[in-house]
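Order of the sequence lines fixes the chain letters, A, B, ..., with proteins taken first and strands second; residue numbering starts at 1 for each chain. Hydrogens, waters and symmetry mates play no part in the numbers below; they use all other heavy atoms, side chains included.
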Protein chains: 2
Amino acid sequence: MVTLKHLAEQLNVSISTVSKALHDSDEISPDTIERVKALAKFLNYKPNRLAVSLKNSKTNTIGVIVPNILNHFFAKALFAIEQEATKQGYNIITCLSNELQSKEINSLQLLSNGSVDGFIMSMAQETQVANKVDHINAILSQNIPIVLFDRVSEDIDCDKVIIDDFGAAYEATKHLLSEGRKHIVLVSDIDELSVGKLRTSGYLEALSEASNYTSEPVIVTTKKSKSIEEVIEQLFIDNSHIDAIISIDNTTGVIALQKALNLNFSIPKELSIIGFSDENVLQFTNPKLSTVSQHTLDIGKASVKMLINNLNDKTSVNRTTKTIKTKLVLRGTTL
Amino acid sequence: MVTLKHLAEQLNVSISTVSKALHDSDEISPDTIERVKALAKFLNYKPNRLAVSLKNSKTNTIGVIVPNILNHFFAKALFAIEQEATKQGYNIITCLSNELQSKEINSLQLLSNGSVDGFIMSMAQETQVANKVDHINAILSQNIPIVLFDRVSEDIDCDKVIIDDFGAAYEATKHLLSEGRKHIVLVSDIDELSVGKLRTSGYLEALSEASNYTSEPVIVTTKKSKSIEEVIEQLFIDNSHIDAIISIDNTTGVIALQKALNLNFSIPKELSIIGFSDENVLQFTNPKLSTVSQHTLDIGKASVKMLINNLNDKTSVNRTTKTIKTKLVLRGTTL
DNA sequence: GTGAAAGCGCTAACAT
DNA sequence: ATGTTAGCGCTTTCAC
């Protein structure tokens, strides 16, 4: 590895002269600058990031903790985070909590020792279910900023990026009502998560506001004892009058669509389906699933921007929550 | 941030004593060790990773460069890499090349300045198509080890983890032949990649060995001008006698299945389909797609192990290529 | 058993 | 215009 020392020795100047020259300091004569830069380029000199970071107490690295990279939503969020971070001159260190609080605690601990300037994270399911957030607040109290996205907690005072989960489900349900649907079933694989609860509330609210809707709300959640597919098969058995499904997670909508097609439902004539799936999944369905688009790329991008803003102005104490607009995209599974 | 200096001052001992105590040096008296550790724990002392790394010229960090995180295969590989790396006490810095050589070069340059001990990567499509690999060899010549997985090049002398692409496609095609299929079409979205070429060869070889197979091989590749879906629709128009499809990439198999169902093919009676999709995609199909399982988790895991081995024994000069076994998993789309 | 000092590679205040 | 020095936080050799 080529260091400033090497360059200095080769050129018979001091290390600091080399350092200054490489930074275009006007303390250094133009031709020295030239000579230094020429040699640096020739030897492919690259400043050692560890040393620079140590010196400056600034790593230009963001710790990103996502619960599950195999979930399209998080893969896409990570994609956007990496893209925006790179654009702004930051690296990302990626940790996957795999929905476990223990891994989340571990990653946070491990990286809060000078490895990163701040964190962008979405809470592990375990953490959110128990609402045990001390480990996150501990980081904040060390003055390391965190941006929470998607899965957040009210007990953490930090910047947040979310979508209007209540509103999105409310709007989707409203749409199904406007189609004249009379038996709208909600399916959820995420009833334990904050976003799941909010979306369910939106569904319930829309139904309760519909004066001419006479059925009871039906909420079907997945359970550990059964596979998602079994739950959805049972759903069709239990709800013979079903004429609409709103799936509030990434996967159950697509699976419900497959099962319904198998049962020879005419879609969307007899049965409408709206999901919360990421676009990438949809290319595999036929007809294409109507969905609530979450603008995942915007979520990732906004998270990075918020964190870097915070990093650049540590004095600001006001924490903000940014809500990314969703959009109901009607495709082939709605009228 | 709590440093050794803080601890030393509090305890009225020297910094080096603290350092040694924390490392259980037998130069230090048991009770000093105890006192030091107690205070360290109390103040939540964590050694500054930058300083340790700088001192030891060892970062315990792996740079991971993947072409496309939205591809299930790479998401899963990343999942496995992160898991194994964490297990072995390494962090990963993730970079996404987005199939662009420029981004690949950039990431390599950026991290080869002391940020990481080595790289695990799969080549960007651009890089592989042009077989322009100087930037990768440049890193190797700086004595920074690289493990290449999935998409590799013969012009790079480093450790590699691959699957037997030729053999996997050969075996899959053999299976279709054994079903008595007479018109087997190969579909590929990756005909420009090394793995695509090898899998195609396997298909061709299997057909040419089949003495009673009279049709010509048919290879359908996607093109930039058309969507994958259009290409597959056209495929069914052009090949009216088609009775089997082998898809050698992640997505075309699933799409072909949807289209075939739409065209009222009885599957697998009239038409067999075998894909190379990752398991995660399959939960969305009905019937379930038969596939070549690539054991992606093993690929990721093996990559990490190889890299760390190399890191631990830099003297070893022999580069090896590990081939992960594939498995033909017959599900609902084959007889 | 403890401490002083050098050094990893870099920056920056302070000489000259 | 150039060099000296101290220091970021840590490890380690060498003194005492």
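Atom CG in B/N48 sits about 18 Å away from atom P in D/dG7, given to the nearest Å. Here the C1' atom of nucleotide D/dG3 and the CG atom of A/L4 are 14 Å apart, to the nearest Å. A straight line from CE of B/M1 to P of D/dC10 spans 8 Å, rounded to a whole angstrom. Across the protein-nucleic acid pair, A/L54 atom CG and C/dA12 atom P stand 13 Å apart, rounded to whole Å. A/N113 has its CG atom 10 Å from the P atom of D/dC10, to the nearest Å. A/L7 has its CG atom 12 Å from the C1' atom of C/dC10, to the nearest Å. The NZ-P distance, from B/K58 to C/dG9, rounds to 16 Å in whole Å. Distance A/L50 CG to C/dT11 C1': 15 Å, rounded to the nearest Å.
Taking the six-membered ring where tryptophan is involved, the planes of A/F74 and A/F149 are perpendicular, since the angle between them exceeds 60° and thus also 30°.
No hydrogens or angles were tested; on distance alone, a donor-acceptor pair under 3.5 Å links the side chain of A/S16 to the base of D/dT4.
Here B/R151 pairs with B/E99 in a salt bridge; the nearest charged N to carboxylate O distance falls below 4.0 Å. Comment: B/K37 engages B/D24 in a salt bridge, judged by a side-chain N to carboxylate O separation of less than 4.0 angstrom.
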Next item on the list: In sequence, state the C-alpha distance, the side-chain angles, and the governing distance for B/N44 and A/Q109, and then conclude on side-chain contact (heavy atoms from CB on, under 4.5 Å).
Entry: CA-CA 10 Å; B/N44 192 23; A/Q109 279 288 326; 4.1 Å; yes
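OP1 or OP2 of D/dT11 lies within a sub-4.0 Å distance of a side-chain N or O belonging to B/S19. Taking only side-chain nitrogens and oxygens, A/T32 comes nearer than 4.0 Å to OP1 or OP2 of D/dT2.
Within residues 21-29 of chain B, the residues having any heavy atom under 4.0 Å from DNA chain D are, by residue number, B/H23.
Closest to the side chain of A/K20, out of C/dC14, D/dC10, C/dT2, is C/dC14.
With a 6.0 Å radius and a threshold of 12 heavy atoms from other residues, nucleotides or ligands, A/K5 has its NZ atom at or below the threshold.
When the options B/D117, B/V304, B/T61 are evaluated for a side chain to side chain contact (heavy atoms under 4.5 Å, CB included) with B/Y90, the one that passes is B/D117.
Both B/K55 and B/R35 lie near DNA chain C, and the one whose nearest nucleotide falls closer to the 5' end is B/R35. Comparing A/T17 and B/V2 against DNA chain D, the residue whose closest nucleotide sits nearer the 5' end is A/T17.
Checking A/N131 against A/S153 by side-chain atom types alone, a donor-acceptor pair falls below 3.5 Å.
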